[in-house]
Amino acid sequence: MKQKGLLMVISGPSGTGKGTLVKHLLKRNNKIQLSVSATTRKPRPGEVDGVNYFFLNKNEFEEKLTHGEFLEHAEVYGNYYGTPKAFVENQLNRGHNVLLEIDIVGAMQIRKKFKEAVFLFIIPPSLEELQRRIENRGTETPEQMTKRMDSALEEIRELEQYDYVILNDDIDKATGLIESIVKAELASVERSQHYWLDLFGVRR
Ligand code: ADP
Ligand code: 5GP
């Protein structure tokens, strides 16, 4: 029997470095599959359809939603975002570890459907540093910037909904911590005992 893949959910305030950490994590680990979300947000410069997101218009998104094609969905900063259901389920059933980078509303929908998923919250070193990072990224208008800073505190308040907190002061350190958590979770008795008992032919 194959051990089912681990479903990991990463959330955190906009600009805290989720995308950067995910990129590092995937570069260092070929055993993690990133779920590419669908969104009605317009692509930022450099973003590629099917790589960063599946960019849809509102009608296309709503049609997929009606057909039950999303595992979860949420409206974030005025746009719709959703996780494609088929991809995630197929990968998990094949024993692959799957990573979702989604907001807290979506994360709580996943929590209800997948009790065994692991929830990671990425936190910035300070609010000042968070603001610097969003400004440096240079993708937000001043109005969007204010909206994201206001939301940051609201999101940090929800920290208790998560299993692990990852301080992103240094990218390599934060990536290393996520890798350690993945290893520990995969080795947990609760998650792996069926696999080992079957391997040794021990009756359950
Ligand atoms: P998010 O996906 O959470 O919105 P990004 O990954 O786009 O955030 O990162 C926002 C900005 O912060 C980017 O310019 C990125 O290069 C920078 N950044 C990310 N992590 C760090 C870090 N540990 N130290 C300094 N800058 C960082
Ligand atoms: P951005 O527009 O900056 O890429 O993402 C904005 C927010 O939407 C981030 O908090 C990100 O985690 C969240 N997000 C991205 N994809 C999804 C998704 O599929 N579902 C949900 N619920 N949130 C998402």
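Both ligands and their constituent atoms are indexed starting at 1 by order of listing.
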| request: Measure from the side-chain N and O atoms of Asn97 to the backbone N and O of Ile32, and report whether any donor-acceptor pair falls under 3.5 Å. | output: no

Can you confirm whether Ile166 sits close enough to Ile181 that some side-chain heavy atom of one is under 4.5 Å from a side-chain heavy atom of the other? yes

On the ring face of Tyr77, is Arg41 found with NZ or CZ under 6.0 Å from the centre and within 45° of the axis?
no

Logged contact type for Thr20 with ligand 1, heavy-atom cut-off 4.0 Å, is both

Is there side-chain contact between Phe114 and Val9, with heavy atoms separated by less than 4.5 Å?
no

For atom 10 (C) of ligand 1, the closest protein heavy atom turns out to be Gly15 O, 3.5 Å

Are any of the side-chain nitrogens in Arg28 or Asp172 under 4.0 Å away from the carboxylate oxygens of its partner? yes

Under 4.0 Å between heavy atoms, the region of Asp169 that gets near ligand 1 turns out to be backbone

Worksheet item: Taking distance alone, with no angle check, do Glu129 and ligand 1 share an N/O pair under 3.5 Å?
Response: no

Notebook entry, point to check: Is Val118 linked to Leu177 within one hydrophobic cluster, defined over Ile, Leu, Val, Met, Phe, Trp and Tyr using a side-chain heavy-atom separation of less than 4.5 Å?
Noted result: yes

The protein heavy atom nearest to atom 23 (N) of ligand 1 is Asn168 OD1, 2.9 Å

Under 4.0 Å from one or more heavy atoms of Lys18, ligand 1 contributes atoms 1 (P), 2 (O), 3 (O), 4 (O), 6 (O), 8 (O)

Among Ser11, Ser14, Gly17, the residue with a heavy atom nearest to atom 8 (O) of ligand 1 is Gly17

Pocket residues around ligand 2 (non-hydrogen, under 4.0 Å) come out as Lys18, Ser37, Arg41, Arg44, Tyr53, Glu72, Ala74, Val76, Tyr81, Gly82, Thr83, Glu101, Ile102, Asp103, Gly106, Arg148

Hey, does Ser151 have a side-chain heavy atom less than 4.5 Å from the side chain of Pro13? no

* Asked: For residues Glu185 and Tyr164, is any side-chain donor paired with an opposing acceptor at under 3.5 Å?
  -> yes

Given side chains that start at C-beta, do those of Ile171 and Leu21 come closer than 4.5 Å, heavy atoms only?
yes

Tyr80 and Phe61 aromatic ring geometry - parallel, tilted or perpendicular at 30°/60° bounds
parallel

Within 4.0 Å of some non-hydrogen atom of Gly19, the atoms of ligand 1 are 1 (P), 2 (O), 6 (O)

min-distance protein heavy atom vs atom 11 (C) of ligand 1 -> Arg133 O, 3.5 Å

Here the atoms of ligand 1 under 4.0 Å from any heavy atom belonging to Pro13 are 3 (O)

Taking 4.0 angstrom as the limit, do Glu129 and Arg132 come out as a salt bridge?
yes

Looking only at protein heavy atoms, what sits closest to atom 7 (O) of ligand 1 is Arg137 NH1, 2.9 Å

Task: Salt-bridge criterion met for Glu179 and Lys31 (N-O under 4.0 Å) - done: no

| request: Check whether any N or O atom of Asn136, backbone or side chain, sits under 3.5 Å from an N or O atom of ligand 1, and answer yes or no. | output: no

